[in-house]
Asks: 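This is the structure, below, for whatever I ask next.
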2 protein chains.
Amino acid sequence: MLKRLIFSTFGANNVVVKKVSIKDVAKKAGVSIASVSYVLNNRKDSRISEDTIKKVKNAAQELNYRPNKIAKSLKTQRTFTFGLLVADIANPYFSQLARIIEDAAKHIGCTLIIGSCDEDKEKFEDLINTFCDRQVDGLIIAPVANSANFLERIQKQAIPFVLIDRYIPSLRATTIGIDNTEVTFKGTEHLIKNNRKKIAFISYITDLQHLLDREIGFKNALKAHKVPIKNSRLIKVDKDFIDRDIDKNLKQLLTPNPVIDALFFSSNKLAVAGLKTLVKLGIEVPEKIGVLAFDEVEAYKVFKVPVSHIKQPLYEIGVQAVTQLEKMIKDPQTKFQKTTLEASLIVGASS
Amino acid sequence: MLKRLIFSTFGANNVVVKKVSIKDVAKKAGVSIASVSYVLNNRKDSRISEDTIKKVKNAAQELNYRPNKIAKSLKTQRTFTFGLLVADIANPYFSQLARIIEDAAKHIGCTLIIGSCDEDKEKFEDLINTFCDRQVDGLIIAPVANSANFLERIQKQAIPFVLIDRYIPSLRATTIGIDNTEVTFKGTEHLIKNNRKKIAFISYITDLQHLLDREIGFKNALKAHKVPIKNSRLIKVDKDFIDRDIDKNLKQLLTPNPVIDALFFSSNKLAVAGLKTLVKLGIEVPEKIGVLAFDEVEAYKVFKVPVSHIKQPLYEIGVQAVTQLEKMIKDPQTKFQKTTLEASLIVGASS
DNA sequence: TTGTACGCGTTATCAG
DNA sequence: CTGATAACGCGTACAA
């Protein structure tokens with residue numbers, strides 16, 4: 001993309017204004033900085049005269065004084081900041097969640113720092129370290145694979161965190177998520193009951209337990225309904241080459257004639273890639289092939305038929321994450337807790 | 001969504017570890033805190049003996065010392081933090097941009113705080129104030145309507161910012177964006193050249209100049225090609241009721257028989273809502289109606305035919321924003337600058 | 001190399 | 001009963 005045009009003649013603002021500090025307010029009000037602090041923090045216990053209060057408030061107002069939170073944090077050892085760590089903030093699943101978490105955090109007076117780690121362990125650790133260096137009060141983390149040891153270290157440093165979306169079997173930690181095995185079971189069962197038994201399950205090559213759980217749920221459902229499990233229908237995609245791998249596999253499974261009657265995508269990105277391919281190949285949905293997807297993205301509603309999908313309770317996840325994190329911060333003795341929320345199967349017309 | 005299951009018996013980590021500070025390192029290394037600071041910051045100028053260096057590095061390593069950036073910031077008056085203010089981080093346009101900006105910022109050692117203001121002036125000002133209270137080094141802002149006065153105040157406080165996506169005609173400020181008038185002109189022309197002259201332009205009820213520009217570009221193109229402008233084809237949607245308004249208007253324009261031959265959506269959210277309605281109404285695209293959209297979202301590729309759209313140079317916008325902001329921070333005398341980047345028309349099969 | 005005065009608030013303690 | 005003094009928090013950087 002070329003830069004086409006830059007015009008830049010109009011001048012700079014060179015009126016450098018020193019920030020107003022508590023000292024300035026104190027001087028203007030003719031009181032000590034301590035009094036300013038007391039007044040501005042509404043300390044009822046230390047009784048200050050109405051007169052002083054008025055003087056301080058006026059001075060603060062006139063100077064448009066805003067306390068420096070950095071200084072406050074240094075003293076109080078609280079930053080009222082949370083770190084949110086996800087795989088990729090550009091993924092709608094995470095950006096929707098981020099928005100909910102942002103609002104929930106703001107609601108209790110906290111700000112969010114967001115980091116994307118691309119499932120990369122090194123970036124993951126770097127970002128968490130950065131967050132800690134910035135003295136966040138707590139972390140909300142969608143952990144990458146094999147991060148148990150690192151997270152244990154964070155626990156020893158007494159920085160509270162909650163895990164979302166994913167969990168780590170070997171780690172005792174507060175976790176918010178859904179029962180992936182169960183809901184995938186339910187989804188698979190839905191397909192089977194609609195007389196689709198030749199189902200391909202599209203998943204990632206991964207060590208992430210929550211994704212493996214989805215595969216387990218799928219297989220369990222097949223077993224429960226005495227449908228044979230075929231390895232050729234368990235498609236594993238390289239997360240860095242989703243389009244390529246999906247394209248290749250679907251072509252194989254669907255052309256010239258479908259050897260399957262349903263596709264179950266275990267993530268939104270896989271589903272979107274799959275839908276693109278289906279459009280390209282001109283495969284009739286649901287006539288020739290049924291489709292079930294994970295998560296909820298706008299693309300599902302724009303497809304030729306509304307796509308059936310498993311919807312996670314994003315709002316609940318986000319609010320619970322913030323609520324529980326807050327509790328852990330307030331009381332470091334809080335016990336670890338695993339919260340499992342209900343995901344729902346939204347039946348569209350694709351299955 | 002119901003919380004289904006909580007099990008919470010396993011114990012808490014009650015080993016409270018005091019964070020290690022520079023003092024601890026100094027004590028362990030048997031040197032002064034000043035020396036620790038010098039060594040850990042690689043200050044070559046003040047020569048420190050190899051011996052001291054080794055002792056400090058070892059001590060820091062063993063204690064797993066990480067400097068407190070809050071303290072550092074208080075002294076250095078730099079936080080290496082940028083505030084990013086958008087309308088909604090859950091909107092793919094902004095979440096994609098946020099990701100790019102996050103990476104660009106990280107690249108120069110900075111962290112991002114993100115805020116969503118929902119086009120609400122009060123939230124907008126609150127968030128910027130919050131960012132300033134946290135002493136961000138600079139701001140990247142997609143400004144809401146009527147924010148000129150407020151932003152002028154921020155300028156007087158000498159907090160550097162760059163505007164993205166939108167601009168404010170009455171405000172001298174560094175701005176990165178596209179030429180909305182021109183690219184909408186180009187898009188409209190594309191439709192006209194494909195023999196679609198009864199175009200409905202779907203836009204918002206808004207004061208945002210960049211959106212008004214799009215409307216201007218549309219009208220200009222009609223004029224330039226001597227196509228009459230009909231008010232009934234200038235659809236204005238309430239941003240809080242997109243689905244409802246789009247549904248109603250498209251139904252009116254398209255059923256029982258289309259009175260138009262093309263739809264031009266001036267934002268991704270409008271387009272997605274429109275595509276949903278088109279699917280629902282079963283309108284053939286591009287046979288019965290042509291479609292052109294703004295921005296680039298995955299839904300465009302999942303629609304029955306790839307949707308033609310105007311693609312903004314997100315990467316360039318993000319990188320430029322960070323680059324120019326950094327320059328302004330380093331040199332407060334930097335002149336304001338308007339950067340206009342080229343958006344491209346991606347022709348799919350919908351037009 | 002080190003002591004120490006910052007940066008900007010908070011809060012315990014002390015004086016009027 | 002009020003309000004000021006001063007000791008923090010944790011690094012940085014100048015003077016010694």
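Residue numbers start from 1 in every chain, and the chains themselves are labelled A, B, ... in the order their sequence lines are given, proteins ahead of strands. Nothing here was measured: the structure is a model prediction, and the numbers come from that model.
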Asks: For A:Ser73 and D:dG9, is the shortest distance between a side-chain N/O and OP1 or OP2 below 4.0 Å?
Replies: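 Checking A:Ser73 against D:dG9: no side-chain N or O falls below 4.0 Å of OP1 or OP2.
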Asks: Base, sugar-phosphate or nothing for B:Lys69? Non-hydrogen atoms, less than 4.0 Å.
Replies: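 Nothing: the residue B:Lys69, judged by heavy atoms under 4.0 Å, touches no strand.
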Asks: Taking only side-chain nitrogens and oxygens of A:Thr76, does any of them come within less than 4.0 Å of OP1 or OP2 of C:dT10?
Replies: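 A:Thr76 to C:dT10 OP1/OP2: no side-chain N or O under 4.0 Å.
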Asks: Using OP1 and OP2 only, check whether a side-chain N or O of A:Lys75 sits under 4.0 Å from D:dC10.
Replies: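 A:Lys75 to D:dC10 OP1/OP2: no side-chain N or O under 4.0 Å.
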Asks: Out of curiosity, B:Phe124 CZ to B:Leu151 CG, how far, rounded to the nearest 0.5 Å?
Replies: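 So the gap between those two atoms works out to 4.5 Å.
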Asks: Is the phosphate of C:dT10, meaning OP1 or OP2, less than 4.0 Å from a side-chain N or O of A:Lys72?
Replies: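 It does, given that an N or O in the side chain of A:Lys72 lies less than 4.0 Å from OP1 or OP2 of C:dT10.
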Asks: Is A:Gln77 near enough to D:dC10 that one of its side-chain N or O atoms lies under 4.0 angstrom from OP1 or OP2?
Replies: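 Answer is yes, contact under 4.0 Å.
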Asks: If you look at every strand shown and take non-hydrogen atoms under 4.0 Å, does B:Leu74 touch a base, only sugar-phosphate, or nothing?
Replies: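 Base contact - B:Leu74 has a heavy atom under 4.0 Å of at least one base atom.
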Asks: So, is A:Ser49 close to the D:dG3 phosphate, meaning a side-chain N or O under 4.0 Å from OP1 or OP2?
Replies: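 Answer yes for this pair, as a side-chain N or O of A:Ser49 is under 4.0 Å from OP1 or OP2.
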Asks: Want to settle it: does A:Val36 or B:Ile70 sit nearer the 5' end of DNA chain C, counting the closest nucleotide to each?
Replies: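 With A:Val36 and B:Ile70 compared, the 5'-side residue is B:Ile70.
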Asks: Is the distance from OP1 or OP2 of D:dC10 to the nearest side-chain N or O of B:Tyr65 less than 4.0 Å?
Replies: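 So the side-chain polar atoms of B:Tyr65 never come under 4.0 Å of the phosphate oxygens OP1 or OP2 of D:dC10.
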Asks: Within the structure shown, what part of the strands sits under 4.0 Å from A:Ser37 by heavy-atom distance: base, sugar-phosphate, or nothing?
Replies: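 If one applies the 4.0 Å heavy-atom cut-off, A:Ser37 turns out to touch a base.
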